[in-house]
Chemist: 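One structure follows; several queries about it will come next.
Residue numbering restarts at 1 for every chain, and letters A, B, ... go by the order of the sequence lines.
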Number of protein chains: 2
Amino acid sequence: MAEPLTPVTLADVAQVAGVSKMTVSNVINNKPSMSNETRQRVQRALEATGYVVNPAARALAGRRSNLIGVLTPRVNWPFVTEVLHGASVAAEAAGLNLGIFTTANNPTLERERATLLRTLADGVLLVAPSADEEHIFGQAVPVVTLGAHGQRSIQVDNHTGAAIATRHLLGLGHRRIAHLRGKHSHILDAAQREAGFLATMQAAGQAVPPEYLQDGEFSEEGGERAARVLLTLPEPPTAIFAANDRSAIGALRAAHALGLRVPQDLSLVGFDDIHATSVTDPPLTTVRQPLEKMGETAARLLIDLIRGTEPAQSHVIFPATLVTRASTAPPRADRGSS
Amino acid sequence: MAEPLTPVTLADVAQVAGVSKMTVSNVINNKPSMSNETRQRVQRALEATGYVVNPAARALAGRRSNLIGVLTPRVNWPFVTEVLHGASVAAEAAGLNLGIFTTANNPTLERERATLLRTLADGVLLVAPSADEEHIFGQAVPVVTLGAHGQRSIQVDNHTGAAIATRHLLGLGHRRIAHLRGKHSHILDAAQREAGFLATMQAAGQAVPPEYLQDGEFSEEGGERAARVLLTLPEPPTAIFAANDRSAIGALRAAHALGLRVPQDLSLVGFDDIHATSVTDPPLTTVRQPLEKMGETAARLLIDLIRGTEPAQSHVIFPATLVTRASTAPPRADRGSS
DNA sequence: TTGTACGCGTTATCAA
DNA sequence: TTGATAACGCGTACAA
């Protein structure tokens, strides 16, 4: 089993087995019409030579590459990694490889990597894209989006999730509730969460002053910055609903820095239920989306598309649920009165 | 700029520009010898047709694919994502694509994805491999390992890092110090950290009873399980040094569950300085390795290898530093006396 | 400076 | 059931 210096090709195997290249190819791809005897002879030759397919050649010849391409801004966002883990599992189960490519939200990189995947992958999974990138792929390859974009997408019920979080805070007695929103221009999910928040506040007859909407940028740094602004307002909020957990953790940091206790002085709700929310001080109340499961579902949908099985639905919306931890409590009497 | 139904090839561009395929190819690859006029004509044709290279064909023809392949067990380990972020940055700077492939520590997947990368990538980065996987690639493609394996590797000074952590605890007055180790059989780094711990204890004249070495498996669950064993011992340790932050966070969980306060009842030191350590309750004292920088360095080393520049060193060892947070303190007088 | 011929390893097509 | 041949899109080597 020593490594051959020059890669073994179909032709080599064919020669060893005393058959043609096509026969070997047919064995590898499990073509049905074939005598058992030759099949076994080829199998032996395959093992003896240590043959491995050349994916480049396979892709060029027009057959599938057995590769699912993932396009995502960054891999060090917990949201992304948890989704990807789910997708990996599904891909493995289907015998497909999963290759992850980052775009850093850089349009040039997006285009470049997209064109790479266009010819290299059998299907593409867009995870948390900053815009509708589906069009880049045209008809060349099936695409599934994880997020609120695109023709085929997996997403959570953002509007209801935001409503649940907001009602939770209202139910505790909060009236001065602020929102750390995500970036509108880029991510549709952010807009849906904000809309859910505003609709719920309005339905409860609570006005939301404009300065109670701050941009947390979906990041810890952004959340910290925005929360500082909110908490140093003349009339600061008694509760904050953040558009994701990372910005909520930033807000937590800001509260600590300003000497505010959570939840006594400030209630805090996040969104996503990433793993870190259970180890923060205090553990964060948040709106859970089943990230791994969503990743798995997205990958399976894509695999169906690749296999030519038109899937039943092209938009799957997962329900959002509230996970109540220790970061929310009724407002203090002296601050809660508006 | 409408999407063509059939991909544009070199030949198409050549026809539009009124030149041969090779001229187009030469323009794309910035070959020097070429008249400015034809170069511009080809450029225009390139833009007009919306041509993009076919990486499969390029790889098959023997030229480089401009792809760095990364092989790693999982992407939802903070250690891995922080390293990968650094590597991404370096790859982008060099104009290379970075594709990440997971192995789930499954030998079959490892082999399969390795053979895929062998023909698909210009170079391979092994991040936290569970064993020496370099040999799979033979001479086919340059390989750099992030971790304590392989011919070319980037790693942290595990032995000294463990010694620093241990001395920190000894300096605070702890004598009963336990260690949550990683998996020996798989990861060399784990063995080096344990050796550093034991050597330091021995140098200080402190015996380490065998039950003070528990396997934390580098995971949160494993750390929690192992810490429970330690903390329910007849003579429990007053301090724990964990082989990585994830198992330290598990230990933190176990301590809370058992009603122990950190650091009053138990001091805790981790390893890695992943992002989460700064938001836990209490924030974790840990041994920092500069993960992003290490990822960046590894990628750059690999890029040098790909470009044919033999790099100055083939083993880079980064220093480890102690980050003191709130999880360590002197032992309580009534428990500290051995 | 530009063009021609060929090969990379695989699959599709069609004939035997 | 098997095999010969022609693509797939690009780069290298050489010739013009």
Side-chain angles (χ1 to χ4, degrees), chain A residues 4-43 45-46 49-67 115-116 118-122 140-141, chain B residues 4-43 45-46 49-67 115-116 118-122 140-141:
Chain A
L5 281 87
T6 159
V8 183
T9 72
L10 271 188
D12 300 328
V13 181
Q15 192 173 10
V16 170
V19 296
S20 81
K21 293 193 302 180
M22 273 323 297
T23 307
V24 180
S25 174
N26 287 335
V27 170
I28 290 170
N29 295 298
N30 286 316
K31 287 291 187 303
S33 50
M34 181 152 308
S35 88
N36 253 329
E37 195 223 339
T38 52
R39 184 184 296 268
Q40 292 192 359
R41 194 145 46 101
V42 171
Q43 286 287 8
L46 243 23
T49 53
Y51 170 85
V52 291
V53 296
N54 181 329
R58 178 176 272 181
L60 183 58
R63 219 189 163 298
R64 51 184 41 165
S65 59
N66 285 336
L67 177 67
T115 56
L116 188 147
R118 230 175 110 112
T119 52
L120 211 59
D122 293 337
V141 74
Chain B
L5 280 87
T6 158
V8 184
T9 72
L10 271 187
D12 300 329
V13 180
Q15 192 173 11
V16 170
V19 295
S20 81
K21 291 195 307 180
M22 276 324 298
T23 306
V24 180
S25 174
N26 287 334
V27 170
I28 291 171
N29 296 298
N30 284 316
K31 287 290 187 303
S33 51
M34 181 151 308
S35 85
N36 253 328
E37 197 224 338
T38 52
R39 183 184 296 270
Q40 294 193 359
R41 194 144 45 102
V42 171
Q43 286 288 8
L46 243 22
T49 53
Y51 170 84
V52 291
V53 296
N54 180 329
R58 178 176 271 183
L60 185 58
R63 218 186 163 302
R64 51 185 39 165
S65 59
N66 285 336
L67 177 66
T115 55
L116 189 146
R118 230 173 108 112
T119 52
L120 212 58
D122 294 337
V141 73

Chemist: Do A/R39 and A/V42 come close enough that some side-chain heavy atom pair is under 4.5 Å?
Modeler: no
Chemist: Atom CG of A/L120 to atom C1' of D/dC10: distance rounded to whole Å?
Modeler: 14 Å
Chemist: Just to be sure I understand the geometry, which residues of residues 34-41 of chain A put a non-hydrogen atom under 4.0 Å away from DNA chain D?
Modeler: A/M34, A/S35, A/T38
Chemist: Can a side-chain donor-acceptor contact be found between A/D122 and A/S65 if the only test is distance below 3.5 angstrom?
Modeler: yes
Chemist: Classify every nucleotide of nucleotides 11-16 of chain D by which part a protein heavy atom approaches to under 4.0 Å, writing B for the base, S for the sugar-phosphate alone and - for neither, in 5'-to-3' order.
Modeler: BB----
Chemist: Tell me whether the side-chain N/O atoms of A/T9 come closer than 4.0 Å to OP1 or OP2 in C/dG9.
Modeler: no
Chemist: Please state how far atom CG in A/D122 lies from atom P in C/dT11, giving the value in whole angstrom units.
Modeler: 12 Å
Chemist: Between A/I28 and A/Y51, is there a side-chain heavy-atom distance shorter than 4.5 Å?
Modeler: yes
Chemist: For A/V52, check side-chain contact (heavy atoms from CB on, under 4.5 Å) against everything at least two apart and list the hits.
Modeler: B/T115
Chemist: With a 4.0 Å cutoff (strictly under), does any side-chain N or O of A/T23 reach OP1 or OP2 of D/dG3?
Modeler: yes
Chemist: Can you find a heavy atom in the side chain of A/N66 that is under 4.5 Å from one in the side chain of A/R58?
Modeler: yes
Chemist: Does any N or O in the side chain of A/S25 come within less than 3.5 Å of the main-chain N or O of A/K21, such that one atom is a donor and the other an acceptor?
Modeler: no
Chemist: Taking atom C1' of C/dG9 as reference, at what distance in whole Å does atom CG of A/N66 sit?
Modeler: 16 Å
Chemist: For A/N54 and C/dG7, what is the distance between atoms CG and C1' respectively, to the nearest whole Å?
Modeler: 13 Å
Chemist: Once you round it to whole Å, what is the distance between C1' of C/dC8 and CG of B/L60?
Modeler: 4 Å
Chemist: May I ask you to decide if B/N26's main-chain N or O and B/N29's side chain share a donor-acceptor pair within less than 3.5 Å?
Modeler: no
Chemist: Identify the heavy atoms of A/A56 and B/L60 that sit nearest to each other, and give their distance.
Modeler: CB-N, 4.3 Å
